[in-house]
Amino acid sequence: MIKIKILNPTKGRNEVTFRPLLQLSNQLRDYSIDITQSESYDYLFIGMHDFINKKISLNESIEYGLNTCNKITGDYFLFDGSDSSSLMGAYEVFEQSNAIYLFKNQIFNNRKDYKTPYAFNKWFFGNGSDLDLSYDISEDKWNRIKLSNINCGRTIFGNGIPADPKIMQPIEINKSIDLCAIFQGEHPFCEDHKVRNDIPYTVHRKGLWDKLTNFKDKYSMLTQKMEFKTYIEKLKQSKICLSPFGQGELCFRDFEAMLFGTILLKPDQSRIKTAPNMFVEGETYVGCNHDWSNLEEKIDFVLNNFNELNEKFTTNIRKKFIEEYTIENFCMHYYNIFSNLDNIEKS
């Protein structure tokens, strides 16, 4: 039995990051993994609350993270629980510490893509900021960056996506709304490491608002924020859900649309990988250009072929949910992580 202790499991971002591990602690024991609060443990899991501080400068944050790591005498793993492929602040600590692995919710498919500098190391933010970051990652380090299997699909509605097919409603055909485009367009003033990150966020999302303004007479659409229960009912009656990037490539809106049988249209996801991966272009979602240049073309494609795509996408998504969002897959993910470590006795 491998004993795992989580450092400060309920503080800040750590709570969301480690929620699935704590919820499935009983099941993990069947896979020889024991989540313990005892001081007798084999490995320590460290969340971003304890090694990343975005309220201070990047250099100060790196120092903060390294101070945490330097106090640890045993083996440990770092978990960056942000829903972005950015390595900002996490890779620096990982590279300079004795952490065995760095876990991410999603990363680039190709490590060489990290060599291009982007604002906050977020490719969808472009470049030219006061904090453009790039990383030349060695193959050894790349092999020690692992997927957490804890993207926001694991934490939606507090308990993760249910895989029970009995709760899934019949596929809705007679939908009355073309577009559900309910999202925050402009981010209030916000900083990461003393540099404003609300500006590139707003540029991307406002670009979508500008496009939609031109379509207001062509499509029926919802744009006004509403009470959550009402929003879900309206989402169910919508043919398409538009989901821009935010501070990361994934968001709860993506999974809300998929769960409630609304075709998801969002910027292409092909350059990143995540687990579980629900994003297969043309099969589970419709991808468009990041700058929205082909948005109208994509909307028309869906609406003109709605009956066929509605059946296809909803069927594919439900099948994929049932296959991938299982307790067994989650537990096996971590069983395999540990079984591939050199100092673990294979059973």
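Along the sequence shown, residues are numbered consecutively beginning with 1.
With sequence neighbours excluded, no residue satisfies ring-ring contact (aromatic ring centres under 6.0 Å, His included) with Phe125. Residues passing the ring-ring contact (aromatic ring centres under 6.0 Å, His included) test with Tyr31: none are found, sequence neighbours excluded. Qualifying side-chain hydrogen bond (donor to acceptor under 3.5 Å, both in side chains) partners for Ser82, counting only residues two or more places apart in sequence or in other chains: Asp80. Evaluation of the side-chain contact (heavy atoms from CB on, under 4.5 Å) rule for Lys236 yields Ile232, Glu233, Phe260 as partners, not counting sequence neighbours. Applying the side-chain hydrogen bond (donor to acceptor under 3.5 Å, both in side chains) criterion to Ser220, with sequence neighbours excluded, gives Asp178.
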Can you list the steps and then say if Asn151 with Thr274 is a side-chain hydrogen bond (donor to acceptor under 3.5 Å, both in side chains)?
-> CA-CA 7 Å; Asn151 58 34; Thr274 188; 2.9 Å; yes
Please walk me through it: do Asn59 and Ser57 pass side-chain hydrogen bond (donor to acceptor under 3.5 Å, both in side chains)?
-> CA-CA 5 Å; Asn59 287 336; Ser57 73; 5.6 Å; no
Carefully, step by step, assess Lys54 and Glu191 under the rule salt bridge (charged side-chain N to carboxylate O under 4.0 Å, His left out).
-> CA-CA 8 Å; Lys54 294 182 179 180; Glu191 292 182 325; over 6 Å; no
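By the 30° and 60° cut-offs, the orientation of the rings of Phe45 relative to Phe79 is tilted. Ring geometry for Trp123 against His290 counts as tilted: the plane angle lies between 30° and 60°, on a 0 to 90° scale.
For CD of Glu63, the number of neighbouring non-hydrogen atoms (other residues, nucleotides, ligands) closer than 6.0 Å is 12 at most. Atom CD of Glu227 sits in a crowded spot, with more than 12 heavy atoms from other residues, nucleotides or ligands closer than 6.0 Å. Within 6.0 Å of atom NZ in Lys320, more than 12 heavy atoms from other residues, nucleotides or ligands are found, so the atom counts as buried in its surroundings.
For Phe338 and Tyr334, the ring centers sit 6.0 Å or farther from each other.
Checked by atom type, the side-chain pair Asn197/Asp192 shows a donor-acceptor distance below 3.5 Å. For Gln23 and Asn159, the side-chain atoms include at least one donor-acceptor pair closer than 3.5 Å. Inspection of the Asn105 and Ser148 side chains reveals an N or O donor paired with an N or O acceptor under 3.5 Å.
Between the NZ atom in Lys239 and the SG atom in Cys180 there is a gap of 14.0 Å [rounded to 0.5 Å]. Here the CG atom belonging to Asn304 is positioned 10.0 Å from the CG atom belonging to Leu309, to the nearest 0.5 angstrom.
Panel note: side chain Asp42, backbone Ile2; no donor-acceptor pair is recorded below 3.5 Å. Judged by distance alone, the side chain of Tyr101 and the main-chain N or O of Ile337 form no donor-acceptor pair under 3.5 Å.
For residues 203-214, the set of pairs meeting the salt bridge (charged side-chain N to carboxylate O under 4.0 Å, His left out) definition, not counting sequence neighbours, comprises Lys206-Asp210. Judged as a salt bridge (charged side-chain N to carboxylate O under 4.0 Å, His left out), the pairs with a partner in residues 25-39 (not counting sequence neighbours) are, in order, Lys3-Asp34, Lys5-Glu39, Arg29-Asp34. Residues in residues 217-237 take part in these ring pair (Phe, Tyr, Trp, His ring centres under 6.0 Å) pairs, two or more places apart or across chains: Phe215-Tyr219, Phe228-Tyr231. Under the salt bridge (charged side-chain N to carboxylate O under 4.0 Å, His left out) criterion, the residue pairs touching residues 243-262 are Asp254-Lys266, with sequence neighbours excluded. Within the structure, the salt bridge (charged side-chain N to carboxylate O under 4.0 Å, His left out) test picks out the following pairs touching residues 136-152 (sequence neighbours left out): Asp140-Arg144. Each ring pair (Phe, Tyr, Trp, His ring centres under 6.0 Å) pair with one or both residues in residues 170-190, not counting sequence neighbours, appears once here: Phe183-Trp209, His187-Tyr201.
Under the 4.5 Å side-chain criterion, counting only non-hydrogen atoms from C-beta, Pro20 is in contact with Thr155. For the pair Pro276/Phe321, no side-chain contact is recorded, criterion being any heavy-atom separation below 4.5 Å from C-beta on. Residues Ser238 and Leu179 fail the side-chain proximity criterion, which asks for heavy atoms closer than 4.5 Å. No side-chain heavy atom of Leu264 sits less than 4.5 Å from a side-chain heavy atom of Phe313. With a 4.5 Å cut-off on side-chain heavy atoms, Leu21 and Ile4 do not count as touching.
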Would you be so kind as to tabulate the donor-acceptor pairs closer than 3.5 Å made by side chains of residues 115-122, with sequence neighbours excluded?
from: Asn121; atom 1: OD1; to: Leu87; atom 2: N; distance (Å): 2.8
from: Asn121; atom 1: ND2; to: Leu133; atom 2: O; distance (Å): 3.2
from: Lys122; atom 1: NZ; to: Gln247; atom 2: O; distance (Å): 2.7
from: Lys122; atom 1: NZ; to: Gln247; atom 2: OE1; distance (Å): 3.0

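Between Phe77 and the choices Tyr41, Phe94, Tyr43, the ring pair (Phe, Tyr, Trp, His ring centres under 6.0 Å) rule is met once, by Tyr43.
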